[in-house]
Undergrad: 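After the structure tokens below, expect a handful of questions from me.
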Protein chains: 2
Amino acid sequence: MESIDTELAARIRNDIVLGNYGEEERISEARLCDTHKVSRTPVRLALRMLEQEGLIRRSEGRGYFVNAPNVNDVLQAVQVRGHLESLAARLMAQSPDRLSTLPILEAAIEEIDRLILVGKMDHASIRLIQKQNAVFHKTILECCGNDFIGFTCSRISHMPMLEVGAMVFDRQVLSTKEGKERSNFRLKLGNSQHKVIFEAIQKGDAVRAEGVMREHSNTMIEYIQVFEKRTKEELTIKDLIDYSGLSVMRKEHDTTGKEKSL
Amino acid sequence: MESIDTELAARIRNDIVLGNYGEEERISEARLCDTHKVSRTPVRLALRMLEQEGLIRRSEGRGYFVNAPNVNDVLQAVQVRGHLESLAARLMAQSPDRLSTLPILEAAIEEIDRLILVGKMDHASIRLIQKQNAVFHKTILECCGNDFIGFTCSRISHMPMLEVGAMVFDRQVLSTKEGKERSNFRLKLGNSQHKVIFEAIQKGDAVRAEGVMREHSNTMIEYIQVFEKRTKEELTIKDLIDYSGLSVMRKEHDTTGKEKSL
DNA sequence: ATAACCGGTTTGGGATCCCAAAAAAAGAGC
DNA sequence: GCTCTTTTTTTGGGATCCCAAACCGGTTAT
């Protein structure tokens, strides 16, 4: 479906964020041609895209260098996205024609509630919850009246954990009963925040909508920081992706992409 | 200095935001090659960059289409940037090592004060004021501790009025004595906001720093909206650039670019 | 008359070639 | 033995070529 350069950019992007290139490693067009079995043209197009995304930078002299993001970068980016979402929540609460989209938010909240109540914390359930969570957040971004907020978020979504509505789950914790309880509590807390945001938007309480959305975003940041402290060695981005449960989606996406490219 | 594709992207970008292409106009690689006298390779690289910036989009079938931003888009983008700046102000107020950069802010404020006091509203003075204004805003973005904020702002700076610290001046108004008074008042108001932001950051009053910075950003939005209402026909982006006083800088930049490319 | 079909043309994607500049390696001078 | 210079190699930028898919126009069949 997509052209090779876009696909290629996705691959290289994946390699960079997963840490397959050393931080600051020099990257060569020829090598990329060789490893990905394509000509230089799509490689160069892909590199331009990645350069715009800030994942690589062009040296003044010659050559490209990897700008591999670390966990701190991701945390900063999550903070930015959260802040933008809080603006979106405020604007949507102020928007006169917000009422028509409110049912979408309500449906997402109720669906998450239902899934939590069922209590199955398997992959399928988590994916469904994440999907509804994404619906909730995307809806606010898209219906706030300022399209540029959504655009800006999409420009920074290439980093892991920055897909709108991404959530963090601790696989390790999910395997124990106590861990399940804790994750369940987090989900309930998150969705209750959704409810407050929903009601604030409904009532037109812009300040409250913004504030709770901000708090909602901070929840994820703090949770990631809990990971950071608990992990003995350095927490890598790979760990984050594994934790997030997005790896499943990502993997599926990759294989389909491969099938098409072959 | 820069490679042709970067330079070319700048040209096309300029053409698009200045409205030289009709909104939704189809754009062809071959035509760009012809008009800019370059081969297709740099054209395609430039188009990828512009695509990332959202100024053009690739049709699923074939061909590129321009996404010319209108004044409303610019207003939305200014709102986003302002919101990000307010986050930066808050974070900087919370940052423990903010004290070392405070003198930079103070110097910028004092320099602006001095220039206002002189009262000459000619091009040179306005440029100096804008420069110091940019210093103030850039410093906060760069020293807030979250580098991703500055990065995100830089990603959306390709639109006019989005250069950090850009200001709007009404040329028309500047020509009359009453208009000068009014512009002078705006500058004083703006710089007094700078002072409040500075003091809030100094004291570590994060909430106030964020709030005043937000108010500071809203000032420009409201001023542009004043333009919009006063102008009989549709306000174009070209008008905004002319008003902003950036056209001088932009023009200079363009000619140097031309000299190098010829 | 309309719609389906067919050939020519346009256009963008990918590969390849050439070249200049930069980096690396080899050689000369101290 | 070290450094500066020269030569070789690498590497990225730009141009050109080829091709397949999409667009356009005309023709034909229903």
Side-chain angles (χ1 to χ4, degrees), chain A residues 1-13 15-16 20-68 256-262, chain B residues 1-13 15-16 21-22 24-68 256-262:
Chain A
M1 179 172 59
E2 290 287 343
S3 50
I4 286 190
D5 52 13
T6 311
E7 170 77 19
L8 186 61
R11 280 166 193 273
I12 303 174
R13 185 184 303 124
D15 282 344
I16 292 177
N20 293 347
Y21 293 100
E23 196 167 343
E24 293 283 320
E25 178 174 337
R26 191 192 169 116
I27 198 172
S28 126
E29 291 185 359
R31 188 184 310 273
L32 288 174
C33 293
D34 196 43
T35 56
H36 294 93
K37 299 276 178 276
V38 286
S39 150
R40 278 185 57 206
T41 309
V43 167
R44 295 177 64 191
L45 292 172
L47 289 181
R48 278 306 176 290
M49 292 197 266
L50 296 175
E51 186 193 3
Q52 293 282 15
E53 295 173 7
L55 290 174
I56 63 173
R57 64 168 201 280
R58 268 192 286 179
S59 153
E60 12 282 330
R62 184 162 47 196
Y64 304 86
F65 289 92
V66 178
N67 257 68
T256 56
K258 257 179 195 165
E259 278 171 16
K260 266 160 203 156
S261 73
L262 286 178
Chain B
M1 176 173 60
E2 290 286 342
S3 49
I4 285 190
D5 50 13
T6 311
E7 170 78 18
L8 187 61
R11 280 167 192 271
I12 303 175
R13 185 184 304 123
D15 283 343
I16 291 177
Y21 293 101
E24 293 283 321
E25 180 174 335
R26 191 191 168 115
I27 199 173
S28 125
E29 290 185 1
R31 187 186 311 273
L32 288 174
C33 293
D34 196 42
T35 57
H36 293 94
K37 300 276 179 272
V38 287
S39 147
R40 280 185 57 204
T41 310
V43 168
R44 296 176 64 190
L45 292 171
L47 288 181
R48 279 305 176 291
M49 292 196 266
L50 297 176
E51 187 192 1
Q52 293 282 335
E53 295 173 7
L55 291 175
I56 64 173
R57 63 168 202 282
R58 267 192 286 181
S59 151
E60 12 282 329
R62 163 103 40 70
Y64 304 85
F65 290 92
V66 298
N67 259 73
T256 55
K258 257 178 195 166
E259 279 170 15
K260 265 161 203 156
S261 74
L262 287 178

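Throughout, a chain's letter reflects where its sequence line sits, starting with A, and its residues are numbered from 1.
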Undergrad: Once rounded to the nearest 0.5 Å, what's the spacing between atom CZ of Arg44(B) and atom CG of Leu45(A)?
TA: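 It comes to 5.0 Å.
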Undergrad: To the nearest 0.5 Å, tell me how far Ser39(A) OG sits from Leu8(A) CG.
TA: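 The OG atom of Ser39(A) sits 10.5 Å away from the CG atom of Leu8(A).
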Undergrad: Identify which one of Glu25(A), Arg26(A), Glu29(A) satisfies the side-chain hydrogen bond (donor to acceptor under 3.5 Å, both in side chains) criterion when paired with Tyr64(A).
TA: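 For Tyr64(A), the side-chain hydrogen bond (donor to acceptor under 3.5 Å, both in side chains) check succeeds only for Glu29(A).
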Undergrad: Measure the distance from CZ on Arg31(B) to P on dT10(C) and round it to the nearest whole Å.
TA: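 Whole-Å distance recorded here is 12 Å.
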Undergrad: If the cut-off is 4.0 Å, is Arg58(A) near the phosphate of dG13(D), judged by side-chain N/O to OP1 or OP2?
TA: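 Yes, within the criterion.
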Undergrad: Any side-chain heavy atom of Ser3(A) sitting closer than 4.5 Å to one from Arg58(B)?
TA: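 Contact flag for Ser3(A)/Arg58(B) side chains = yes.
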Undergrad: Contact class for Leu45(A) (heavy atom, under 4.0 Å): base, sugar-phosphate, or nothing?
TA: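 The residue Leu45(A) makes no contact with any strand.
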Undergrad: Counting only non-hydrogen atoms, which of residues 35-43 of chain A are less than 4.0 Å from DNA chain C?
TA: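 Residues of residues 35-43 of chain A under 4.0 Å from DNA chain C: Val38(A), Ser39(A), Arg40(A), Thr41(A), Pro42(A).
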Undergrad: Identify the two heavy atoms, one from Leu32(A) and one from Ile12(A), that lie closest to each other, and give their separation to 0.1 Å.
TA: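 Looks like CD1-CD1, 3.9 Å.
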Undergrad: Expressed in angstrom and rounded to an integer, what is the separation of Leu32(B) atom CG from dG14(D) atom C1'?
TA: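 After rounding, the gap between these two atoms is 16 Å.
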Undergrad: What is the distance, rounded to the nearest whole Å, between atom OH of Tyr64(A) and atom P of dT11(D)?
TA: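 Rounded to the whole Å, the gap is 13 Å.
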Undergrad: Reckon Ile27(B) touches a base, only the sugar-phosphate, or nothing at all at heavy-atom distances under 4.0 Å?
TA: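 Sugar-phosphate contact only.
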Undergrad: Which atoms form the tightest heavy-atom contact between Gly54(B) and Asn67(B), and what is the distance?
TA: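 Closest pair (atom of Gly54(B), atom of Asn67(B), distance): O-CB, 3.4 Å.
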Undergrad: Which pair of heavy atoms, one from Val43(A) and one from Cys33(A), lies closest together, and at what distance?
TA: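 Heavy atoms of Val43(A) and Cys33(A) come nearest at CG2-SG, 3.8 Å.
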Undergrad: Taking the side chain of Asp5(A) as heavy atoms from C-beta outward, which of dG13(D), dG12(C), dG14(C) is closest to it?
TA: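 Closest of the options to the side chain of Asp5(A): dG14(C).
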Undergrad: Over all strands shown, is Leu47(A) touching base, sugar-phosphate only, or nothing at heavy-atom distances under 4.0 angstrom?
TA: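 No contact.
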Undergrad: Measuring from atom CD1 of Ile56(A) to atom CZ of Phe65(A), what distance do you get when rounded to the nearest 0.5 angstrom?
TA: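 CZ of Phe65(A) is found 11.0 Å from CD1 of Ile56(A).
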Undergrad: Tabulate atom names and distances for all N/O pairs under 3.5 angstrom spanning the protein and nucleotides 19-23 of chain C.
TA:
| unit_1 | atom_1 | unit_2 | atom_2 | d |
| --- | --- | --- | --- | --- |
| dA21(C) | N3 | Arg62(A) | NH1 | 2.9 |
| dA22(C) | O4' | Arg62(A) | NH2 | 3.2 |
| dA22(C) | N3 | Arg62(A) | NH2 | 3.0 |

Undergrad: Do Arg44(B) and dG14(C) have a side chain to base donor-acceptor pair shorter than 3.5 Å?
TA: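 Indeed there is one.
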Undergrad: If I take atom CG in residue Asp34(A) and atom P in nucleotide dG12(D), what distance separates them, rounded to the nearest angstrom?
TA: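 Nearest whole value for this atom pair: 13 Å.
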Undergrad: Quick one: Glu29(B) CD to dC17(D) P, roughly how many Å, whole number?
TA: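 Answer to the nearest Å: 16 Å.
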Undergrad: Less than 4.5 Å apart, any side-chain heavy atom of Arg11(A) and any of Thr35(A)?
TA: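 No; the side chains remain at least 4.5 Å from each other.
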Undergrad: If I take atom CD1 in residue Ile4(B) and atom C1' in nucleotide dG12(D), what distance separates them, rounded to the nearest angstrom?
TA: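 To the nearest whole Å, that distance equals 13 Å.
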